[in-house]
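Inspection log for the structure reproduced underneath, given as structure tokens.
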Amino acid sequence: MKSGVVITSRLTVASLVVMLALTACTGNDGSDGSDTPTEAGTTSQASQAPAETAPAGMTPEAYQVDLDTAGKPVGAALAAIAKARTFKGLDQRIQQAQDAVDGAVDRLGDLQAPAETVSEHAGYVEALRQMDGELVTLRDAISDQTLCTSGAVLARLGRSDEFTGLKKAGAALADKGDYGSAAIGLKPSKERSRRLGSGTVLTSRIRGGRGSLTVKNGGSQDGVVTLLKGKQKAVSVYVRKKSSARLSNIRDGSYRVYFTTGVDYDRAARTFTRNCTFQRFDDSLPFRTTYTSTQVRWSVWTITLNRVKGGNARSSAVNPDDFPT
């Protein structure tokens, strides 16, 4: 009887390896020196799984719909920052821009962009994420009054790497097809450092008296002093740092004194655009004119905007949106 190994069709590939080893070790019956054949021999071959194919991207038409829905609000919200006229409104506008950017990231982040735009799409989404961080920084700058107007905010935004990156990424994506909504058309103006001359009168509504006021500004920033009579803005004057200015012809009455300091005075907005402070003196200044048979007396005041030794006037911070402009 011939010796050998019987292999059934149920053997796995691992079993086949064992069988081959057994066959090599099993001798023949010595009659003819030939190898002993196996009975019902079968062979087994490992099959290779087909390679996975990358999922097909969206059609350009479907992608454009999502991109328009996400990209247009971003551009509109950034442009709308220019419409803010108060600190509160400015903070709200930037919050709205953040919401638009966050919404765009959420909508576009997991999209399978068309194959020809995969790289540009990824760059655009990352640029949006970076922009979100820059908007947080801008809100902080408004809160601490480093930036005080919409123009200053947009100028600072325009010089940031994040804004430059978003513009480039949007333009690169727009060049790949009809994806213009990714492009950022906003062109912020550059930062400026405008100043007026000391003694420049900005407002003069109640004049015609004998009183006078000298303002000394020994601080490190230019300032504007404003006198209010009741709720009416009477007079305001610009005083450069390390300089002084004199207001004359002030009518009799009691005046509240407000002053603001900062960098880059925007005469149209009537405020400093950067590093601004807003304060008022706690006590009013009375201006009086008295007459006798031989003489006339009137009030002459001097105030200092910076702290001085021996000073006798206290001042308090004012909410920027409550400051008379």
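No hydrogens, no waters, no symmetry mates; every other heavy atom, side chains included, goes into these values.
A 4.5 Å side-chain heavy-atom check between Arg274 and Leu147 finds at least one atom pair inside the cut-off.
Within a 6.0 Å sphere centred on CZ of Arg192, other residues, nucleotides and ligands contribute 12 heavy atoms or fewer. No more than 12 heavy-atom neighbours from other residues, nucleotides or ligands sit within 6.0 angstrom of NZ on Lys216. The number of heavy atoms from other shown groups lying within 6.0 Å of CZ (Arg195) is above 12.
Annotation: salt bridge (Lys or Arg N to Asp or Glu O under 4.0 Å) contacts involving residues 122-148, sequence neighbours excluded, comprise Asp91-Arg139, Glu126-Arg129. Contacts classified as side chain to side chain donor-acceptor pair (under 3.5 Å) and involving residues 67-87 (residues at least two apart or in different chains) are given here: Asp68-Ser181. Note on residues 112-142: no pairs pass disulfide bond (SG atoms under 2.5 Å apart), not counting sequence neighbours. Pairs passing the ring pair (Phe, Tyr, Trp, His ring centres under 6.0 Å) check and including a residue from residues 73-113, sequence neighbours excluded, do not occur. Within the structure, ring pair (Phe, Tyr, Trp, His ring centres under 6.0 Å) pairs that include any residue of residues 168-207 comprise Tyr63-Tyr179 (at least two apart or interchain). Within the structure, salt bridge (Lys or Arg N to Asp or Glu O under 4.0 Å) contacts touching residues 312-325 (residues at least two apart or in different chains) do not occur. Pairs passing the salt bridge (Lys or Arg N to Asp or Glu O under 4.0 Å) check and including a residue from residues 244-263, sequence neighbours excluded, do not occur. Screening residues 99-109 for salt bridge (Lys or Arg N to Asp or Glu O under 4.0 Å), with sequence neighbours left out, gives Asp66-Arg107.
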Result block: side-chain N/O donor-acceptor pairs under 3.5 angstrom for residues 182-191, not counting sequence neighbours:
from   : atom 1 : to     : atom 2 : distance (Å)
Glu191 : OE1    : Arg159 : NH1    : 2.7
Glu191 : OE2    : Arg156 : NE     : 2.7
Glu191 : OE2    : Arg156 : NH2    : 3.1
Glu191 : OE2    : Arg159 : NH1    : 3.4

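Here the CG atom belonging to Leu157 is positioned 9.0 Å from the CD atom belonging to Glu162, to the nearest 0.5 angstrom. Between atom CZ of residue Phe323 and atom CZ of residue Arg270 there is a gap of 11.5 Å, rounded to the nearest 0.5 Å. A distance of 12.5 Å separates OG1 of Thr117 from CG of Asp175, quoted to the nearest 0.5 Å. Here the CD1-OG1 distance, from Ile142 to Thr137, works out to 11.0 Å after rounding to the nearest 0.5 Å.
Applying the salt bridge (Lys or Arg N to Asp or Glu O under 4.0 Å) rule to Lys241 yields no partners; only residues at least two apart in sequence or on another chain are considered. Take Glu120 and apply the salt bridge (Lys or Arg N to Asp or Glu O under 4.0 Å) test, not counting sequence neighbours, and it matches Lys176.
Both Val257 and Val239 are assigned to one and the same hydrophobic cluster, defined by single-linkage of ILVMFWY side chains at heavy-atom distances under 4.5 Å. Note on Trp298 and Val215: separate hydrophobic clusters, where clusters join Ile, Leu, Val, Met, Phe, Trp and Tyr whose side-chain heavy atoms are under 4.5 Å apart, directly or indirectly. Hydrophobic clustering, with ILVMFWY side chains joined whenever heavy atoms are under 4.5 angstrom apart, groups Val201 together with Ile250. One hydrophobic cluster, built from ILVMFWY side chains closer than 4.5 Å, holds both Val300 and Val296.
A centroid separation of less than 6.0 Å is found between the aromatic rings of Phe259 and Phe281.
Heavy-atom minimum distance, Gly158 versus Thr164: O-OG1, 4.3 Å. Residue Ala97 comes nearest to Ala77 through the heavy atom pair CA-CB, 3.6 Å, listed as atom of the first residue, atom of the second, then distance. Nearest heavy atoms, Ala152 versus Cys148: CB-N, 4.4 Å. Considering all non-hydrogen atoms of both residues, Ile81 and Ser150 come closest at O-CB, 3.2 Å. Closest non-hydrogen pair, Ala234 versus Tyr255, comes out as CB-CE2, 3.8 Å.
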Derivation and outcome, side chain to side chain contact (heavy atoms under 4.5 Å, CB included), residues Leu154 and Leu78: CA-CA 9 Å; Leu154 290 174; Leu78 292 175; 5.9 Å; no

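Side-chain atoms of Thr273 and Thr149 form no donor-acceptor pair, as typed in the model, at a separation below 3.5 Å.
Within the hydrophobic cluster formed by Ile, Leu, Val, Met, Phe, Trp and Tyr side chains joined at under 4.5 Å, directly or through other members, Phe272 is accompanied by Leu196, Leu202, Val224, Tyr238, Tyr265.
Proximity of a side-chain donor or acceptor of Gln130 to a complementary backbone N or O of Gly165 within less than 3.5 Å is not detected.
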